[in-house]
Amino acid sequence: MAKADFEIPDIKNGVSVPAVKPGAMAHVKYHPASEAHLTKLGFPAKRVDNWKEVALAKMNELMGKYKSLSLFLDVCVKCGACADKCHYYLGTGDPNNMPVARQELMRKVYRKNFTLGGKLFGGLARAEDLTEEVLREWMAYFHQCSQCRRCSVFCPFGIDTAEISMAAREIMDSIGIGQKYTLEIIAKVHDTGNNLGIPKDALIGTLEFLEEDVKETTGVDVKFPLDQKGAEVMLIVPSADFFSSPHVDSLVGYAKVFHAAGISYTFSSHASEFANFGMFIGSYDNTKKIATRIADAGRDLGVKRIVVGECGHAYRVAYSFWNTLAGPFDYLDKNHSVPTHVCEFTDELLRRNALKLDKSANDEFTVTYHDSCNVARASRMGTEPGGQFEIPRNILKAVCNKYVEMDPEANREKTFCCGGGGGLLSDELLEVRVKGAAPKVSALKEVMDNQGVNTMAMICAICKAQFTKVLPYYDIPMEAVAGVHQLVSNAIQLGDK
Amino acid sequence: MKRPAATAAALLALLAAPLFYAGCGNAKAPAPQLTKPTNATECVEPAATMRANHMNLLRHERDNIVREGDRSRKYRIEGCAQCHTKRAEFCDRCHDYAGVKPECFDCHYLP
Amino acid sequence: MATIQIAGKSIEVDEDGYLVNLDDWNEELANALAASEEVSMDPNRWEVVNFLREYYMEYKIAPMIRILTKEIGKKLGKEKGNTKYLYELFPGGPAKQACKIAGLPKPTGCV
Amino acid sequence: MGGLSLLSLVYVALSYAAAAIFVGGLMRKLWGYAVTPNPLCIPTTPSPATKGGVVARLALNIVAFADLFKGNRWTWIGGYAFHVILIAVTVRHLRLFIYPVPPLLAEIQPLALLIAMLLPLPLVYLLARRKMVDRYAWISSPADYGVLILILLIALSGLGLKFVSHSDLVGIKHFLLGLLMFSPVDMPAHPAFIIHLTLVLMLAVYFPYSKLVHAGGVFFSPTRMMVDDPRERRHINPWAAK
């Protein structure tokens, strides 16, 4: 078991709703963003002198722009249906991690400054000014929200804490207070086209390495083309796929699927990143800039389709926002959805019987599937509502003999976040991440103990990185983490068909 | 929301509907017109008490009266009928006005 | 910006203890950084660190883990060319911990 | 308004003021929601891909509190009972605002009374819930308790009018119709009625400026009202890309 200087939640008997432990996670602090990154993203380099006025003006602007924010600040009746739904509350017991209480951090400032009742009877309504103390709470607890939307599923008014935490982060950025992890990454995308900052030469080297590596293991010339004009498909993947394990195994899987399907594709060096952290900080401008880069790359390469890889939040941005941010994508083939998720792509090939598979290649694995929050609750695959649940499962069942479902109360639309989403996948937030993972790990442990599961498949780069890091804290090997297309890669039979 | 103005107008109309229904200031508020008795000027209790409490005064235990013949009560519907001779012109006027269905006439007959 | 003191010199590091200036790196510093991570350098670990530095000098980025494992497999024997072995050498992860000791910037992103 | 008693004058003025604040305040709020642009396309999925589907989902949420049912059965029982009983309470009161009383409305009064009488039960339950569960106690402010207590007092004073200190119902209706038709008449100077009316006016004034706007706000929630069709239809906002 990995060592930690904090208490690991006990998940032996599942995760029960903890008693309220005020301030339990108040000590967690993120690294502050540098002046260079703040400036690059269009924010003040450091905290502005009249920060309170600027923050309130920004809040007012956002309420005027987003019906969601203005409505959500008003209509919460504090019924508490969300209180025990957040994985961070379940894992920490800190009451400010109850979605309603997290929202309340902004709501109390709203009441104090924007409502008559709050101005007149502040105390009774628990209205509070945006003081230094409140700002500290914002910094702490709006970075203990992975924007996974689980709370919004259970809210009678559909209040989505993600919308509020995005707004809070945008307000903080606008006064010159930013989080290093997210801002540094966005800056890198603007500069190099990907989160890791992989230069074009390194990307070429990496893809060549993969071609050789796959040739060695399979004997087949599977291509990993870069910047190939006129390819049918542009494939956009999270850059973690070019760097981490097990991410890269899914990348190999996509390449094999394209090879087997005989459809030409290409990566882009201009847009070598699918992730779009602009959403995490609620920044329309930055989200748009990243999305536009991809749209431009596709246009320049003259592709007919854009297929996107295994990444949760990025799929939300692509599915829900690309059309608005960077559309219309009128250069693409209208017969295919824009964008197409790689699972939709593979699923369609499976339906057409276009892939040759040897399921027994995965016989050493008993597989379960983790629904990633942004795919489950903020997007769709296929044409039917809920296709995002069925399509990846169809693929897994097609490539594995042993497939097991986790508790539906912790999966599908009620899935628990891995604990690392929303810009929290940063080492200084490890305590939040490990504790927040408890509900999902508990569901995993249950099927591991009772049904012999040894592999959890998923389609999100953050989930993969988070679980490989935190599972060892719960005495589960990191090898339990797999990408869906990693398993496709194992089973797919290349060569003559 | 595609047409906020239309939506708002619809909402306003909905909220204002009772006003229009009631005539919106064109007329005085209707009140029940009662035909008063000609054979007496005073009821058994002051009019205000009767208006608020006649139902409590008249409420009786059916068993006491019907089965045991206890007719010693001060307030009896037969007493009312001695002056208020026409139910339709007295009782019903207010009961219809307020949407109250008395149970008295399930047993008692008043013309 | 934080600093650490090594052999009487103060070296600039970022919030996570990664060198700010690559040029500050030397073997003595690597040993000190390793010690702060509770890792003691040995020839096998030096193979990893040296490869990371060579790769970085050429590509301005740390190599993909798969490239690293394959390289280590070539150098130290096939049975050691896997992620599991690298984690044995660097329990904090070959990407983050080994990069830190090699004086490379911290990899960012979903890693 | 000549000839009104001082008490009636005061309450006629208060009633109009409260009604104006209630209607004006609520309209302003709802108008605000209506004209504020949607964010990007953010339905909580899985979500209907058609307008009809969205309406059906909303209807289920309004009629059965489906999302709350999913969220917490214990809260659902209390909240749902409260709102259903409020409908019965409305039915009980509607006869005092409509002239003549439609036969059906008169017919269902005894049934409505039977249900309406229960109003204090869910209120006490909801109050106890806030006090007794540590999570709910943490999130509850004086305002959250206050509004439950206010409604409880309204319910108790109303039940008092029905069962303890009966007042002149015909006089009350005459007064209310007078208000509605802008030709006010004297109100019955009955203490229980004055208390009841005062509390109701307080609630009306509080309504638009409190969490009670959820009653209208529920129809505007983007996560529930937006159609899940961003790939098929380009969502354009005034502030977003054209």
Side-chain angles (χ1 to χ4, degrees), chain A residues 17 19-20 63-71 74-85 95 98 100-101 104 115-117 123-126 149 152-160 163 284 288 319-321 323-325 327-328 337-338 376-380 383 385-386 388-389 413, chain D residues 29 32-33 36-49 53 61 65 67-68 70-72 75-76 79 129-130 133-144 146 206 209-214 217-218 220-225 228 230-237 239-241:
Chain A
V17 181
V20 166
M63 287 191 296
K65 268 166 84 174
Y66 303 134
K67 192 200 303 271
S68 44
L69 186 65
S70 67
L71 183 83
D74 276 335
V75 298
C76 174
V77 298
K78 294 198 252 164
C79 72
C82 60
D84 56 353
K85 302 300 185 289
M98 292 188 284
V100 46
E104 200 61 16
T115 74
L116 190 64
L124 293 178
R126 282 207 193 148
R149 314 188 95 199
S152 90
V153 169
F154 302 97
C155 176
F157 311 107
I159 298 174
D160 181 6
E163 293 296 310
Y284 180 80
K288 181 180 166 68
Y319 171 86
S320 295
F321 307 154
N323 208 356
T324 304
L325 296 169
S337 50
V338 180
R377 287 187 285 262
S379 55
R380 192 185 71 215
T383 51
Q388 67 270 38
F389 305 130
E413 72 168 324
Chain D
K29 271 283 170 204
Y33 301 144
T36 305
N38 268 320
L40 297 170
C41 188
I42 62 161
T44 310
T45 62
S47 174
N61 217 9
F65 292 15
D67 286 333
L68 182 57
K70 221 172 355 181
N72 188 314
T75 303
W76 179 85
R129 188 192 73 102
R130 283 202 183 274
V133 178
D134 66 350
R135 298 190 299 284
Y136 307 150
W138 171 269
I139 58 176
S140 298
S141 68
D144 296 312
Y206 181 64
Y209 304 100
S210 68
K211 65 180 187 177
L212 301 181
V213 290
H214 72 272
V218 66
F220 296 89
S221 181
T223 58
R224 295 292 181 272
M225 297 300 287
D228 180 23
R231 286 199 291 197
E232 292 76 24
R233 196 173 67 80
R234 191 160 179 238
H235 288 247
I236 297 295
N237 290 326
W239 48 265

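Per chain, numbering begins at 1; letters A, B, ... match sequence-line order.
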Student: Kindly compute the distance separating CG (A:L71) from OG1 (D:T36), expressed to the nearest 0.5 Å.
Tutor: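 One finds 9.0 Å between CG of A:L71 and OG1 of D:T36.
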Student: Please report the interatomic distance CG(D:L40) to OG(A:S68), rounded to the nearest 0.5 Å.
Tutor: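 That separation rounds to 9.0 Å.
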Student: Taking the side chain as C-beta and beyond, is there a heavy-atom pair between D:Y33 and A:S70 under 4.5 Å?
Tutor: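 Yes, side chains in contact.
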Student: I'd like to know which of D:T75, D:V218, D:D144 tops the heavy-atom pair count under 4.5 Å against chain A.
Tutor: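 That would be D:D144.
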Student: Flag the pair D:L68 / A:F157 as yes when at least one side-chain heavy-atom distance between them is below 4.5 Å, and no otherwise.
Tutor: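 They are not in contact (no side-chain heavy atoms under 4.5 Å apart), so the answer is no.
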Student: Is it true that a side-chain atom of A:T324 and a backbone atom of D:H235 form a donor plus acceptor pair closer than 3.5 Å?
Tutor: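 Yes; judged by distance alone, with no hydrogens or angles, the pair exists.
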Student: With a 4.5 Å cut-off on heavy-atom pairs, point out which of A:G117, A:G386, A:A81, A:A378 contacts chain D the most.
Tutor: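 Sorted descending by pairs with chain D, the first entry is A:A378.
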Student: Between the side chains of A:E104 and D:K211, is the shortest nitrogen-to-carboxylate-oxygen separation below 4.0 Å, so that they form an ion pair?
Tutor: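 No, D:K211 and A:E104 are not salt-bridged.
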Student: Identify the heavy atoms of A:G327 and D:R234 that sit nearest to each other, and give their distance.
Tutor: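 Looking at all heavy atoms of both residues, the shortest contact is O-NH2, 3.1 Å.
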Student: Flag the one option from A:M63, A:E163, A:M98, A:R377 with the top tally of heavy-atom pairs under 4.5 Å to chain D.
Tutor: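 Highest number of heavy-atom pairs under 4.5 Å: A:R377.
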Student: Within the structure provided, determine whether A:K67 and D:N38 are in side-chain contact (heavy-atom separation under 4.5 Å).
Tutor: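 They are in side-chain contact.
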Student: Nearest 0.5 angstrom please: A:R149 CZ to D:I42 CD1, how far?
Tutor: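 Result: 5.5 Å between the selected atoms.
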Student: With sequence neighbours left out, what residues match D:F65 under ring pair (Phe, Tyr, Trp, His ring centres under 6.0 Å)?
Tutor: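 Expected list: D:Y80, D:H83.
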Student: With only heavy atoms counted, which part of D:D228 is less than 4.5 Å from chain A, the side chain, the backbone, both or neither?
Tutor: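 The answer is both parts of D:D228.
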Student: Working to the nearest 0.5 Å, report the span between CZ of D:R129 and SG of A:C79.
Tutor: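 So the CZ of D:R129 and the SG of A:C79 are separated by 6.5 Å.
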Student: Rounded to the nearest 0.5 Å, how far apart are CG of D:N72 and NZ of A:K85?
Tutor: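 D:N72 CG to A:K85 NZ: 5.5 Å, rounded to 0.5 Å.
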Student: Compute the centroid of each ring, for D:W76 and then for A:F154, and state whether the two points are separated by less than 6.0 Å.
Tutor: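 Ring-ring flag for D:W76/A:F154: false, centres at least 6.0 Å apart.
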Student: Within the structure provided, determine whether D:D67 and A:V153 are in side-chain contact (heavy-atom separation under 4.5 Å).
Tutor: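 In short, these two side chains do not touch, never coming nearer than 4.5 Å.
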Student: I'd like to verify something: which residue of A:T383, A:V17, A:V77 has the highest number of heavy-atom pairs under 4.5 Å with chain D?
Tutor: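 Answer, by heavy-atom pair count under 4.5 Å with chain D: A:V77.
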Student: Using heavy-atom distances under 4.5 Å, tell me whether D:L212 contacts chain A through its side chain, its backbone, both, or neither.
Tutor: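 Neither part, no heavy atoms under 4.5 Å.
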Student: So which residue, D:S140, D:G79, D:P48, ends up with the most heavy-atom pairs under 4.5 Å with chain A?
Tutor: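 That would be D:S140.
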Student: Carefully, step by step, assess A:S152 and D:T223 under the rule side-chain hydrogen bond (donor to acceptor under 3.5 Å, both in side chains).
Tutor: CA-CA 8 Å; A:S152 90; D:T223 58; 5.4 Å; no
Student: Within this structure, what is the OG1-CD1 distance for the pair D:T44 and A:I159, rounded to the nearest 0.5 Å?
Tutor: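 One finds 11.0 Å between OG1 of D:T44 and CD1 of A:I159.
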Student: Using only atom types and a distance under 3.5 Å, with no angle test, would you say the side chain of D:R224 pairs donor to acceptor with the backbone of A:P156?
Tutor: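 Such a contact is absent between D:R224 side chain and A:P156 backbone.
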Student: On a heavy-atom basis, which atom in D:A143 and which in A:A125 lie closest, and how many Å separate them?
Tutor: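 Looking at all heavy atoms of both residues, the shortest contact is CB-CA, 4.2 Å.
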Student: Is it the case that the side chain of D:D134 and the backbone of A:V20 share a donor-acceptor pair, with hydrogens and angles ignored and the cut-off at 3.5 Å?
Tutor: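 The answer is yes, because a donor-acceptor pair under 3.5 Å joins these two groups.
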Student: Got a donor-acceptor contact below 3.5 angstrom from the D:T45 side chain to the A:S379 backbone?
Tutor: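 Here the side-chain-to-backbone pair exists.
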Student: Do A:E413 and D:K70 have side chains that approach each other closer than 4.5 Å (heavy atoms only, starting at C-beta)?
Tutor: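 Answer yes - side chains close enough.
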Student: Which pair of heavy atoms, one from D:P37 and one from A:G64, lies closest together, and at what distance?
Tutor: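 Taking D:P37 first and A:G64 second, the nearest heavy atoms are CD-O, 3.3 Å.
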Student: Ignoring hydrogens, what is the shortest heavy-atom contact between A:K78 and D:S141? Give both atom names and the distance.
Tutor: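 For A:K78 versus D:S141, the nearest heavy atoms are NZ-OG, 3.4 Å.
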